[in-house]
2 protein chains.
Amino acid sequence: MNTYTDFFKALSDETRLRMLNLLIVSEAELCVCEFTDIMETPTYNISKHLKILKNSGLVSERKEGRWVYFGLIPVKEKFLTLLFEAIKEISEPKLKTDLIELQKRFDIRVKGKCLLGIQKEHLKPLNT
Amino acid sequence: MNTYTDFFKALSDETRLRMLNLLIVSEAELCVCEFTDIMETPTYNISKHLKILKNSGLVSERKEGRWVYFGLIPVKEKFLTLLFEAIKEISEPKLKTDLIELQKRFDIRVKGKCLLGIQKEHLKPLNT
DNA sequence: TGCATAGTTGCACTATAACGCAACAAAGAT
DNA sequence: ATCTTTGTTGCGTTATAGTGCAACTATGCA
């Protein structure tokens, strides 16, 4: 039963539901700094929430140089197919604007890769 | 966004997921003492969890004499249709045995109504 | 070799949530 | 009217979860 309650627990947080929405609609992998910029949420929180999604089994991780990309796991079970379809049906302004911000980040990718870090000033790490 | 995170939060607890499973598969209303017997969980917890489900907007309440019946709300949105379809796809032993216990409770209904209270001794209230 | 960039983790704090018990309310039965 | 049955609620306890800050790791660059 934990398998399923963990799925739902993963989605019961707004930050994580927004992340899943980005991954489901875009059908792409996103890196941590892209999530940070799109969602205007500190990197350390992005990182922690992605870890929860990964541990729930919804999301997978791939490291490429300094960047870490997160994407949906390949869906085989009907349960997840339906769950993701359901999430696609959610009509919430915040999810819409997230997708607009996502497009902006895709636009500055270089050959499909995230090379530029965080763009939003207030989210950049403080240079010591 | 809370509408949706609250749906998922409601389902992120094993007790409540089991309740939803009973309501979705049976397409019926169940009363508190039936949930108690089927799930072998104290009435006060059953009652609290049903309240959470009701507040999330997934479940509705109907009082009939001393009995209170809970059932799924009528589903209009595609989101809930897909969510409930997803739940139907969950294959977990506990959910299966719950349905067997449900049938036993249906068998002792009188004209479709729950007239007998809790049957399992250890769940009956203590006679003071 | 040192520095910047990208990301993670540990800690303290706060908030939320589940549980058991006991008291309570509401409705019907005696 | 009183008792029984059905269900709810408040309280104290314990466990879990989200946040911000600061320290840390890891990779690449000059």
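By convention in this document, chain letters (A, B, ...) are assigned in the order of the sequence lines, proteins followed by strands, and residues within each chain are numbered from 1. The model shown is predicted, which means the values in this text are computed figures rather than measured ones.
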* To do: Indicate whether OP1 or OP2 belonging to C:dA18 is found under 4.0 Å from a side-chain N or O atom of B:Arg16.
  => yes
* Asked: Judged by modelled atom types alone, do B:Ser91 and B:Lys96 share a side-chain donor-acceptor pair under 3.5 Å?
  -> yes
* Structure fact -> By nearest-nucleotide position on DNA chain D, the 5'-leaning member of B:Leu50 and A:Ile52 is B:Leu50
* Roughly, in whole Å, what's the span from CD in A:Glu29 to P in C:dA6? -> 18 Å
* Asked: Of the nucleotides D:dG7, D:dC29, C:dA27, which one has an atom closest to the side chain of A:Arg66?
  -> D:dC29
* Asked: How many Å lie between CG on B:Leu53 and P on D:dT8, as a whole number?
  -> 12 Å
* Spacing of CG belonging to B:Leu83 relative to OH belonging to B:Tyr4, to within rounding of 0.5 Å -> 11.0 Å
* Structure fact -> Looking only at D:dT8, D:dT27, C:dT8, the nucleotide nearest the B:Glu61 side chain is D:dT8
* Asked: Over how many whole Å does the gap from A:Leu17 atom CG to D:dG18 atom P extend?
  -> 13 Å
* Qualifying residue for side-chain contact (heavy atoms from CB on, under 4.5 Å) with B:Glu29, from B:Arg62, B:Glu34, B:Glu61 -> B:Arg62
* Has A:His49 got a side-chain N or O lying under 4.0 Å from the OP1 or OP2 atom of D:dT19? -> yes
* Of the nucleotides C:dG7, D:dG7, C:dT9, which has the atom closest to the A:Lys51 side chain? -> C:dT9
* To do: Test for a donor-acceptor pair under 3.5 Å between the base of C:dG20 and the side chain of B:Lys48, counting only N and O atoms.
  => yes
* Asked: From the list C:dT9, C:dC19, D:dG7, which nucleotide is the closest neighbour of the side chain of B:Val32?
  -> D:dG7
* Structure fact -> Distance col, row B:Arg16:CZ vs B:Met39:CE, nearest 0.5 angstrom, shows 10.5 Å
* Rounded distance in Å - CG (B:Asp13) to C1' (D:dA17) -> 15 Å
* For the pair made of CG in B:Leu116 and P in D:dT5, what is the distance, rounded to whole Å? -> 12 Å
* To do: Report the distance from atom CZ of A:Phe8 to atom C1' of C:dA17, rounded to the nearest whole Å.
  => 19 Å
* N/O (side chain, A:Asn45) to phosphate O (OP1/OP2, D:dG18) under 4.0 Å -> no
* Taking only side-chain nitrogens and oxygens of A:Tyr44, does any of them come within less than 4.0 Å of OP1 or OP2 of D:dG20? -> yes
* Starting from P on C:dC21, measure out to CG on B:Leu123 and report it in whole angstrom. => 12 Å
* To do: Name the orientation class of the two ring planes belonging to A:Phe79 and A:Phe8 (parallel below 30°, tilted from 30 to 60°, perpendicular beyond 60°).
  => perpendicular
* To do: Please tell me which of A:Ser12 and A:Glu64 maps to the more 5' nucleotide of DNA chain D, matching each residue to the nucleotide holding its nearest heavy atom.
  => A:Ser12
* To do: Return the nearest nucleotide to the side chain of B:Lys63; candidates are C:dA26, D:dG18, D:dT27.
  => C:dA26
* To do: In whole angstrom, give the distance that lies between atom CZ of A:Phe35 and atom P of C:dG7.
  => 11 Å
